[in-house]
Structure formats: C-alpha cells, structure tokens
Amino acid sequence: MAETIVITSGKGGVGKTTSVANLGSALAMLGKKVAMVDADIGLRNLDLVMGLENRIVYDLVDVAEGYCKLRQALVRDKRVDGLFLLPAAQTRDKTAVSPDQMKSLCDELKEEFDYVLVDSPAGIEQGFRNAAAGADRAIVITTPELSAVRDADRVIALLESMEIYDHKLLINRIRPLMVKKGDMLDIDDVLEQLAIDLIGVIPEDEMIIVTTNRGEPAVLNNHSKAGQAYRNTARRIMGEEVPFLSLDVPEGLLTRLKRAMGFK
Amino acid sequence: MFDIFSRVFAPRQTPSKNIANERLRMVLIHDRASVSPQFLESLKGDMMAVISKYAEIDEKETVVNFSTADGSVALVANIPIKRVKRGSGINRNI
C-alpha cells in the first residue's frame, strides 16, 4: 500500500533534505517506486542535493495551479530506477500552495508510487503544515544537540495535533567518539526525553559533504558509513527489522595506557 | 606534553552530556506545559472561580506562574484573600 511520509525537524540544518535524498534513493534501490516532493517552496534544495537541478522544467506550484500535468513536473533520476523528484518553486513563497492542494497532490502521487517522501521546510509555520498535510506518517529528524531535540519535541506535538500519530525519530550526525567521552547526548538520552521510537541513527560522515558536492546521494557510495545507515533505515521504513549499526569506537592508545595505569 | 598530563591527572568533571541531558529535561517540561499566556490565564480563571466560592479574593493582585528551581517545576499561585466567606463550608470540613 502506498504511503506518504513527511520528513521534518523543526530546526533547520539538521539534515532533512540530505535524508530525503538518501532515503528516497535507498528505497528505490530496494525496488520501490519513490516520489520525492520538495515542499520547501522558495528555498528549493533537494534538486541540488540530488544533482537534478539542470533538469527542472515545471515545479510543485505549477502543478498545484494547473499550469502543467503532474507527470510533466516529475524529474526522473537516471541513476536509480523508479526514483522521481517533484521540485519546489524557487520564485514563490510558502503561501503559494494550500494544505488541501498538497493533500490532493500527495494522494495523486500515491496512485502511482509506493512511497511519497515530502521534504518539509524548517520551522513550524505554514510551510511545515503544508508539507505534513497529506502525510500518513512522519520521520522526525534531530541531531544530538539541545536545540534540535527541543525543536523536535515541538514538532512531535504539532504532528499529533494534526492527527499524525505514526512518527519515528531519525538521529542524524551522531559522533560515536564524543558520545563515548560523555560529551554528546547519546541515543538513549534522546529517545527517553522525546518518548518516541527510533527508525535510524546516522553517524557524522564527511562523505556526505563530498557526495553532496557531486550531486549524488551517499547511499550510492559503498564506502560511506552514513550511506550504509541510510540503507538500513530505508529497510526499516519498509517494515523490516534491521539491527542498528554498532557505534562502538575502537579503544585508543591513550585509553589503553590509562587503563593499564589504573586511571580508568 | 603538559596537556596530556593535565588531562590524565585532572579531577574528573561532570561529563557535558549529563549537563545537556538535565537542561533538556527541564526545558521540555517547561515547553510541554505550554506556558502560554492564554494557558495561564485560563488556569488562573478556573482556580479563582473555585477559590471565590470560599473566599473573596483580590483578583488584581493574583499571580499564577510556573517556577523552576532545584530540578523541579512548580505551579506557584499568590492569591491575596480579602475575606473568608461566612458559611463557606471551610469550618464544617475541618
């Protein structure tokens, strides 16, 4: 059964767009038909992260206003079968579409696709409400930082007020070494505070910057740790049980020395 | 070199994640209580309605707020009472 999933966070810069690009690609690699919808109208970026910026003809607002057919606006990704992008408009603002229009657009996409992933803008105003309007479920993204977790909590409450109770958390950019040193909130801390289920943990990975520079999602790269974590998350979205990647850090020389000297 | 020594021999500090976790806990309690002005006004109105059945209160001087101290959150209400109503039931219930 087709599903619309909104990817949202409240706080900006925690990796919504990167996550949509990677989860969408990973789901398509697993044989699903996927439409990625960029709902960040006025600040479109999903096309850049996907490397599809030169192939856009029409956008979401054109479809909503009836200037073109939905099919005409969908950009097909040539690297992965069954992967499509519906770009946001760049020269309009968030009021250019209504929640009702978003909902009917998502419903129309669901007739043809297995998964519709909606990239929500940051914030909790109209843009977010539009993005979530047609969603069956939500993935809330946070990083292990106070401000991001706090904003995630607000977003979870707002999703529930919109009657989206199927929401899971994706913790992005975790740094195992800092967690081990006690200098970063760990997964259990965040889950306990937010009282929400986990769908994925993505380690901080410089490859994300490299792959984004090139306009290709990290899941297409076998050497990326984040890519591996995104592939696992995609399988969990499909309902598979996949163990979470171990975030253990090999013991450093200093730690071993300290232990030998009895300091630890 | 000194850096390594100072790190090895330094007294153990509270890990910063414990501080973050505690701060997060407090801020979420506050946020979730959604202490919006409307929320407080509505709470204040209901409380005064109940108390007014028993005593005459100074509405203008009444202050209702959440306060955070020592790792817990409390609802603090300061409600000046002008006069306890006769036959309010307070005596009977004691």
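Letters A, B, ... mirror the listed sequences (proteins, then strands); counts begin at 1.
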For A/Arg173, is the CZ atom crowded, meaning more than 12 foreign heavy atoms sit under 6.0 Å from it?
no

Heavy atoms only: give me the nearest B/Pro15-A/Gly182 pair and the separation to one decimal.
CB-O, 3.2 Å

Rounded to the nearest 0.5 Å, how far does CG of B/Leu28 lie from CZ of A/Arg150?
8.0 Å

Residues in side chain to side chain contact (heavy atoms under 4.5 Å, CB included) with B/Thr62, at least two apart?
B/Lys44, B/Met48, B/Val64, B/Ile79, B/Pro80

Inspect the surroundings of CZ in A/Arg154 and state if more than 12 heavy atoms from other residues, nucleotides or ligands are less than 6.0 Å away.
no

Donor-acceptor pairs under 3.5 angstrom involving side-chain atoms of residues 140-147 of chain A: please list them, not counting sequence neighbours.
residue	atom	partner	partner atom	Å
A/Thr142	OG1	A/Ala148	O	3.3
A/Thr142	OG1	A/Val149	N	3.3
A/Thr143	OG1	A/Glu145	OE1	2.5

With chain B as the partner chain, list the residues of residues 189-197 of chain A whose heavy atoms fall under 4.5 Å from it, by residue number, and write 'none' if nothing qualifies.
A/Asp189, A/Gln193, A/Leu194

Provide the closest heavy-atom pair for B/Lys17 versus A/Leu185 in the form atom of the first, atom of the second, distance.
O-CD2, 3.8 Å

Without placing hydrogens or testing angles, list every side-chain donor-acceptor pair under 3.5 Å for residues 10-24 of chain A, not counting sequence neighbours.
residue	atom	partner	partner atom	Å
A/Lys16	NZ	A/Ser9	OG	2.9
A/Lys16	NZ	A/Lys11	O	3.2
A/Thr17	OG1	A/Asp119	OD2	2.8
A/Ser19	OG	A/Gly15	O	2.7
A/Ser19	OG	A/Tyr230	OH	2.8
A/Asn22	OD1	A/Ala218	N	2.8
A/Asn22	OD1	A/Val219	N	3.0
A/Asn22	ND2	A/Thr18	O	2.8

